[in-house]
Every structure is written in structure tokens, then in C-alpha cells.
Amino acid sequence: MHDVLPALLAETAERASRYLAESADRHVAPKPADVAALARLGGPVPQSPTNPAQTLALLDAIGSPGTVVSAGPRFFGFVVGGSLPAALAANWLAGAWDQNAALQISSPVSAKLEDIALEWVVELLGLPPGSGGGFVTGTTMANLCGLAAARTTLLSRAGWNVENDGVFGAPNLHVIVGDEVHVSLLKALAILGLGRARVTRVTTDNQGRIRPELVPELDALTIVCLQAGNVNTGAFDPCEAIIAKARAAGAWVHVDGAFGIWAAVSPAFAPHLSGAQQADSWAIDCHKWLNVPYDSGLCVVRDPAHLHAAMSGSAAYLMVADGRDPWHFTPECSRRSRGVEIWAAIHSLGRAGLRDLIERNCRQARLFADRLANAGFAILNEVVLNQVLVSFGTDEQTRQAIAAVQADGTCWCGGSQWHGQAVMRISVSSWATTDADVELSAAAIIRIAIQITGPVR
Ligand SMILES: *Cc1c(COP(=O)(O)O)cnc(C)c1O
């Protein structure tokens, strides 16, 4: 078996390199015929072995054309970043290592790289030194972990052990969210037994920011959920005043900072965070703006003991080591080694490279907004970060324009609703995007939209 590996892996590298080299010229959304062709990967269960090189060849021939080219430079949907070269390469090496990241003893290198990556992220984002963290699939799970730590801690302070005794009969926890809360946070509340509908929703302003004067009275049984980076507008909740009030009341503050929290690495954009670093827990996506491969998120909690209390389990055969055993900080036990790519991304970019990535994408979002506004289309958000919301007239015209942009294939942008109005949402979040890609994409969008709306001025 091992003698086929060198040739197989070399061929894989060749195929992957070719795929990525062609990514700038590919139709960004796969063509319907290529999506239909994916059925050819199925059929009856293979009854006999196939040579791995043939398996790979089939996967490339049928699978690659069925991809959305989100690794390429002109994908602007869903705040999806690409994969940095060092992060992708580290992912391959880690695949060869096939480490189980659950325990120090099952993978010393994974455990060490997680320790280092956690420290680096905490330092880069200006979070409290000594914070703890768990490496999870993404911000959905990071929200779940942060809120679990909040639930455990506040109930334990009230004399209730939620891990042992469950939520029934426990003291009532109050949860406060903004009207623009991300759906994943509500899902986490639902899973935790805190309920997605029993929250208090605070009215937000025209950019989706919580209006701090409307935050109700807080107490030591309250979890306040703030957002650093609205998924539509990119706007930040005004954290400073709300967190000061929460601290005084003994409440817990959780920040969903999926992509926006990375603004902390730029002196120009960090002021938007307005003290979000003073919270108790943060949900962070690494597969978005840090540009590491999926799945990669991080839950950071100010006091590691609080996350540990919510996530740790024990069994006699699972040896307990000194220091941080990763599985005490995550819902999962066996899992892949997520710290590897985060370590590689930060090691290769350095603080300056990461700052450059964030600032370049924000400048490119401005460039998009300027081009579209100059063509006569309405930009519906203040472009404070990497997000642009544009309307092409009526909701029907906007929806038609989005479908036509996706079908054209020069670039890909998704649709959303903003204050009851259909919008196209542009998220610039990839290292691979150049200014020329933005110009090419803006020109395509304008050309396509004008075919639908007619001349705008
Ligand atoms: C993307 C995003 C999420 C969900 O993150 P996943 O990584 O997809 O689980 C949550 N909150 C915000 C603000 C996001 O942008």
C-alpha cells in the first residue's frame, strides 16, 4: 500500500495545483450540467476495490467542476475567505499526520500547536492574556461553547449545578440579544435549553447595532449577547457602555465576533470593537477572515475554568495530563487537529500580513461601493468593514440581478434582506482577491444590472 503513496500524493498535488491555478478563470458558480454530473459519483456500492489513482482521477474529473470556486479570487458570498497557501499546505501535512487532537497523549504536536495558536490569537485580537479556548468547527459551535460556559458559571454562582441537575428547576437565566442577532446564536440557545424565543430582543439602529440606551436592567442571572460584525452590514454593537453596565451587575457578556473581531489587528479598524475585548467570552471564525480551510472556529473564554467546567468529561482510560488537554474545552472528543492551520496562517502572515489582509479587503469593499454608487445604484449600508449591501431598484430587479450575476460566473455574490428590502450582499474576505478582481467583478455586475434595470441615469 505504501509504495503507491508517493506517486498518488504527487499526483494529488498536481491536480490540486492545476485546480487552483485555473480558479481565477473558472465560472465561479458551477454550471447546472456539472452539478447534474455529480450523480455519476454515486450508483451501486462498489463491490470490489479500485486503484486509488483512479478513485482520485474520477473525483477530480467529476468533482472539481461541481465546486463553487470559493477558493478563487472573485467569490464574494457569505463572508467566505479562501485558504492561505501556508494554511492549505499545513492542512495537507496534518492530513498525513492523521492526529487525534483530543488529548495531549494522543497528539503532543496538536496540543502544543493549539496552545500556541490560542495564545497568538488572544494576543493579536487584544483579548485578556490567560484566556482559555476550545477549537471547534466554526462560530456556530463557538457560540454554543461560550453560552454553555455562561450558563454553567451563572447558575453555579446561584448554587445550581446545571451539568448534574439539568435546566429544569434551575434559577431563571435571562438572555439579551440584539434584533440583528445571528441565527447561529439563537440555535445555540435552543440547544442549551435557554430557548430561542424567550430572549429579550433589543431594538437596533439602521446599521443593525444594538441601541445601548434600550438595554434593560441587568443582573447576575443575565447573559448579554453582543455582535462584532453584523453579517449584512459589518457594523459593530457599541460594546463599551453595555459591557461596563453588565460587569457592574455581575452579568455575563458573550460576543459573536465571527469575522468582525479580526478588525482588532488593524489600528485603523480596531476602534470599531469599542471594548468588545472586555467581554467574558468570544466566538471567532478562523475559516472566514483568517483564511484557513473549513472547519475552524475558536471559542475563547476569559477564565479557562469556566469553559472547562462546561465542557469537561472524564473516563478512567482517558489519561489526564498536566496543562491543557484539548477535549476538556470542546464538545467533541476525537477530532482533527484544527490548531495546525491556524498556527500556519499566523506564522506565515505575521501581524503585518494579517493586518494587510484585513485592511486590503476593507479597502476593496469601499472600491466596490464606489463603483456601484457611481453607476447609479444604491448602497444601503455604511461601508465600515468588508461588507457592501446594494439594491438595483425594486426587489424584483435586485433578485433578477443577483441570479444573473451568479449565472454569468465572473464573480459570485449572494442575496439578503435589509430592513425589508432585497439586497445583494458583497463580502470581501479572501487573500486571493486583487483590486483587478474587484474592478472586473464590479464591471460585470454593473453591465448585468443595467440589462435588467435599463440605463440608471
Ligand atoms: C458566519 C457567522 C456565524 C456562523 O459561523 P459558522 O462558522 O458558519 O458556524 C455566526 N455569526 C456571525 C456574525 C457570522 O458571520
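Remember, it's 1-based here, ligands and their atoms both numbered in the order they're listed. The structure presented is a predicted model; accordingly, all values stated were derived computationally and were not measured.
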Would you please name every residue forming a salt bridge (charged side-chain N to carboxylate O under 4.0 Å, His left out) with Glu439, sequence neighbours left out?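 Only Arg371 meet the salt bridge (charged side-chain N to carboxylate O under 4.0 Å, His left out) criterion with Glu439.
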Determine whether the aromatic ring centres of Phe135 and Trp327 lie less than 6.0 Å apart.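 Not close enough - the centres of the two rings lie 6.0 Å or further apart.
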Can Arg324 be said to sit on top of Phe329's aromatic six-ring, NZ or CZ under 6.0 Å from centre and within 45° of the ring axis?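 Verdict for Phe329: a cation-pi partner in Arg324.
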Keeping the roles fixed (side chain from Asn386, backbone from Ser429), state whether a donor-acceptor pair exists under 3.5 Å.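 It does not hold such a pair.
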Is the backbone N or O of Ser64 less than 3.5 Å from a side-chain atom of Thr67, with the two atoms forming a donor-acceptor pair by type?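 Yes, Thr67 side chain to Ser64 backbone: donor-acceptor pair under 3.5 Å.
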Could you check whether Glu332 pairs with Arg338 (Lys NZ or Arg NE/NH1/NH2 to Asp/Glu carboxylate O, under 4.0 Å)?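 Looking at Glu332 and Arg338, the cut-off is met.
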Give me the pairs of N or O atoms, one from ligand 1 and one from the protein, that sit under 3.5 Å apart.
{"from": "ligand 1", "atom 1": "5 (O)", "to": "Asp285", "atom 2": "OD2", "distance (Å)": "3.2"}
{"from": "ligand 1", "atom 1": "7 (O)", "to": "Thr139", "atom 2": "N", "distance (Å)": "3.0"}
{"from": "ligand 1", "atom 1": "7 (O)", "to": "Asp285", "atom 2": "OD1", "distance (Å)": "2.9"}
{"from": "ligand 1", "atom 1": "7 (O)", "to": "Asp285", "atom 2": "OD2", "distance (Å)": "2.8"}
{"from": "ligand 1", "atom 1": "7 (O)", "to": "His287", "atom 2": "NE2", "distance (Å)": "2.9"}
{"from": "ligand 1", "atom 1": "9 (O)", "to": "Thr139", "atom 2": "N", "distance (Å)": "3.4"}
{"from": "ligand 1", "atom 1": "9 (O)", "to": "Thr140", "atom 2": "N", "distance (Å)": "2.9"}
{"from": "ligand 1", "atom 1": "9 (O)", "to": "Thr140", "atom 2": "OG1", "distance (Å)": "2.6"}
{"from": "ligand 1", "atom 1": "11 (N)", "to": "Asp256", "atom 2": "OD1", "distance (Å)": "3.2"}
{"from": "ligand 1", "atom 1": "11 (N)", "to": "Asp256", "atom 2": "OD2", "distance (Å)": "2.7"}
{"from": "ligand 1", "atom 1": "15 (O)", "to": "Lys288", "atom 2": "NZ", "distance (Å)": "2.8"}

